[in-house]
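Just so you know, these numbers come straight off a predicted model, no measurement behind them.
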Amino acid sequence: VLRIHTKNMKLHEDVDLEQVANETHGYVGADLAALCSEAALQQIRERMDLIDLEDDTIDAEVLDLLAVTMDNFRFALGSSNPSALRETVVEVPDTKWEDIGGLEDVKRELREMVEWPIQYPDMYQKYNM
């Protein structure tokens, strides 16, 4: 996937895409695309002194100097967050049994099937339950 996202990108000889791949655990395709774009933008930021912003085009000599380096990828890695590993917030409700009206038989069954094995694991092991 990295090769696809960097095929039109001039890479410096120090770029090791396998190393980048090893450091991108949890990244999905869109994350890798953003990573490559950020690395390229970082290279441009580093070379802004060579680019004439008043001109409509960029000289070929300047374009030849724009090669994304491994440091550019490291910078991009430091500022990105993989989608597959983003935090998941688990909300624990503060509902108590007393808050649930009626259904006493159902609540008793749930307690016996869910709460008791957690509260009394020794008893359940003793009777092979």
Side-chain angles (χ1 to χ4, degrees):
V1 175
L2 282 169
R3 280 185 180 51
I4 292 168
H5 288 300
T6 59
K7 72 178 179 180
N8 294 325
M9 191 182 288
K10 184 175 178 185
L11 299 176
H12 190 273
E13 62 189 31
D14 73 341
V15 173
D16 182 358
L17 290 180
E18 285 192 33
Q19 178 64 35
V20 175
N22 288 335
E23 295 177 23
T24 53
H25 173 72
Y27 283 66
V28 297
D31 296 333
L32 293 173
L35 178 80
C36 293
S37 293
E38 182 57 35
L41 286 170
Q42 182 59 25
Q43 176 58 219
I44 292 169
R45 285 185 207 109
E46 289 175 3
R47 304 286 184 170
M48 281 302 290
D49 59 327
L50 301 175
I51 300 171
D52 183 6
L53 297 176
E54 301 295 322
D55 203 357
D56 289 338
T57 60
I58 299 175
D59 292 334
E61 305 90 47
V62 174
L63 285 176
D64 285 341
L65 294 174
L66 295 176
V68 179
T69 66
M70 197 65 181
D71 284 338
N72 297 141
F73 277 104
R74 285 190 188 99
F75 176 86
L77 279 166
S79 63
S80 64
N81 190 13
S83 296
L85 301 179
R86 289 193 182 127
E87 285 186 40
T88 303
V89 178
V90 177
E91 209 174 298
V92 179
D94 60 350
T95 307
K96 298 175 187 61
W97 286 115
E98 300 81 45
D99 298 334
I100 303 169
L103 303 173
E104 297 305 321
D105 290 338
V106 175
K107 292 193 297 189
R108 181 185 45 74
E109 273 188 60
L110 280 170
R111 281 190 177 116
E112 290 173 4
M113 291 172 35
V114 178
E115 280 186 6
W116 288 8
I118 295 169
Q119 289 177 338
Y120 311 110
D122 296 337
M123 184 176 77
Y124 279 77
Q125 278 186 333
K126 181 178 177 181
Y127 297 106
N128 291 323
M129 297 173 68

Who passes side-chain hydrogen bond (donor to acceptor under 3.5 Å, both in side chains) against Thr24, sequence neighbours left out?
-> none

Nearest-0.5 Å distance, CG of residue Leu66 to CZ of residue Arg47 | 7.0 Å

Members besides Met9 in its Ile/Leu/Val/Met/Phe/Trp/Tyr cluster (side-chain heavy atoms under 4.5 Å) = Val1, Leu2, Leu11, Val15, Leu17, Val20, Tyr27, Leu32, Leu35, Val68, Met70, Phe73, Leu77

Here the pair of heavy atoms bringing Ala39 nearest to Ala76 is N-CB, 3.7 Å

Do Glu104 and Arg108 meet the salt-bridge criterion of a basic N to acidic O distance under 4.0 Å?
-> no

Of all heavy-atom pairs between Gln43 and Asn72, which one has the smallest distance, and what is that distance?
-> NE2-OD1, 2.7 Å

Please name all residues satisfying salt bridge (Lys or Arg N to Asp or Glu O under 4.0 Å) with Arg74, sequence neighbours left out, ordered by chain then number.
-> Asp71

More than 12 heavy atoms of other residues, nucleotides or ligands under 6.0 Å from CD of Glu18: is that the case?
-> no

Side chains of Phe75 and Glu46: closer than 4.5 Å at any heavy-atom pair?
-> no

According to a 4.5 Å side-chain heavy-atom criterion applied to Ile, Leu, Val, Met, Phe, Trp and Tyr, with indirect links allowed, do Ile118 and Met113 form part of one hydrophobic cluster?
-> no

Hey, does the side chain of Asp31 reach the backbone of Ser83 with a donor-acceptor pair shorter than 3.5 angstrom?
-> yes

Which pair of heavy atoms, one from Tyr124 and one from Glu112, lies closest together, and at what distance?
-> OH-O, 3.3 Å

Tell me, please, which residues at least two apart from Lys10 pass side-chain hydrogen bond (donor to acceptor under 3.5 Å, both in side chains).
-> none

Check whether more than 12 heavy atoms from other residues, nucleotides or ligands sit under 6.0 Å from atom CD of Glu13, and answer yes or no.
-> no

For Cys36 against His5, the heavy-atom pair lying closest together = SG-CB, 3.7 Å

Contacts of Arg3 that satisfy side-chain hydrogen bond (donor to acceptor under 3.5 Å, both in side chains) - sequence neighbours left out | none

Answer yes or no: are there more than 12 heavy-atom neighbours, outside Trp116 itself, under 6.0 Å from its atom CH2?
-> no

Can you list the residues that meet the side-chain hydrogen bond (donor to acceptor under 3.5 Å, both in side chains) rule with Asp16, with sequence neighbours excluded?
-> none

Report the C-alpha separation of Ser79 and Glu38 in whole Å, then their side-chain angles, then the decisive distance to 0.1 Å, and conclude whether the side-chain contact (heavy atoms from CB on, under 4.5 Å) test is met.
-> CA-CA 9 Å; Ser79 63; Glu38 182 57 35; 3.9 Å; yes

